[in-house]
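Numbers here are sequence positions counted from 1. Source: prediction; values computed, not measured.
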Amino acid sequence: MDPRSLENEAEDRMAEWLSQVDWTYIVHWTFRKARSPKAASGIIRTHLEEALDPEMAFWKLEEGKVGGREHIHGLIRFSSNRPTSPREVRRVWSRKYGTAEVEEYNQGEGGAHYVGEYLRGPVDEYDVYHSGEVG
């Protein structure tokens, strides 16, 4: 099997897995200042754990096409007993780091849509966050 076929299969499996989660929001985080990939991934991990603490999140870090700045695409799930508004998600990020675009997740389009539209392509790093995880 050629490497591109393996890559396509991995992306399809990720889309299937993401489609099984009832996400709350899709988020695009950007930085005011340029950050290295290592610094950017450390910031998003800390931000999820300390500022947002969603039930679950999937994020992908990539270098921007214009200006080369790192930015992050993500899916966030908040539990029903801890609802968090899009405004709050934007506010806690923008206080310290830059801007956040937050959209309601459209379950009808599912994870496959978001992987296809936002999460394919060059990846500096990606991760899954679960509330209560340690390091």
Looking at OG of Ser85 and CZ of Arg90, how far apart are the two atoms once the value is rounded to the nearest 0.5 Å?
7.5 Å
Minimum-distance pair of heavy atoms, taken over all atoms of Arg35 and Ala39:
CB-CB, 4.5 Å
What I'd like to find out is whether the side chain of Ile72 reaches to under 4.5 Å of the side chain of Tyr97, using heavy atoms alone.
no
Is the His71 ring parallel, tilted or perpendicular to the His73 ring (thresholds 30°, 60°)?
perpendicular
How long is the straight-line distance from CE of Met14 back to OG of Ser19, given to the nearest 0.5 Å?
11.5 Å
Over all heavy atoms of both residues, which pair between Arg69 and Ala34 is shortest? Give the atoms and the distance, please.
NE-N, 3.8 Å
A side-chain contact here means heavy atoms from C-beta on lying under 4.5 Å apart; do Pro54 and Thr84 qualify?
no
Nearest-0.5 Å distance that lies between atom CE in Met56 and atom CZ in Phe78:
13.5 Å
Name of the residue among Val102, Ile43, Ile44, Thr99 meeting side-chain contact (heavy atoms from CB on, under 4.5 Å) with Trp29
Ile44
Using a 6.0 Å cut-off, check whether atom CZ of Arg32 has over 12 heavy atoms from anything other than its own residue.
yes
Side-chain heavy atoms of Phe58 within contact of Ile26, under 4.5 Å:
no
Side-chain touch Val89/Val27, heavy atoms, less than 4.5 angstrom:
yes
With a 4.5 Å cut-off on side-chain heavy atoms, are His47 and Val92 touching?
yes
Once the angle between the rings of Trp23 and Tyr105 is folded into 0 to 90°, is it parallel (under 30°), tilted (30 to 60°) or perpendicular (over 60°)?
perpendicular
Do any N or O atoms from the side chain of Ser131 and from the backbone of Asp53 form a donor-acceptor pair under 3.5 angstrom?
no
Taking the basic N atoms (NZ, or NE/NH1/NH2) and the acidic carboxylate oxygens, is any pair closer than 4.0 Å for Lys60 and Glu62?
yes
Would you sort out whether Glu125 and Arg45 count as a salt bridge (Lys or Arg N to Asp or Glu O under 4.0 Å), showing the intermediate values?
CA-CA 12 Å; Glu125 188 170 350; Arg45 283 186 175 100; 2.7 Å; yes
Compare all side-chain heavy atoms of Leu48 with those of Trp59 and state whether any distance is below 4.5 angstrom.
yes
So do the side chains of Arg77 and Tyr25 get within less than 4.5 Å of each other, counting heavy atoms only?
no
Any heavy-atom pair between the side chains of Leu61 and Glu70 that's under 4.5 Å?
yes
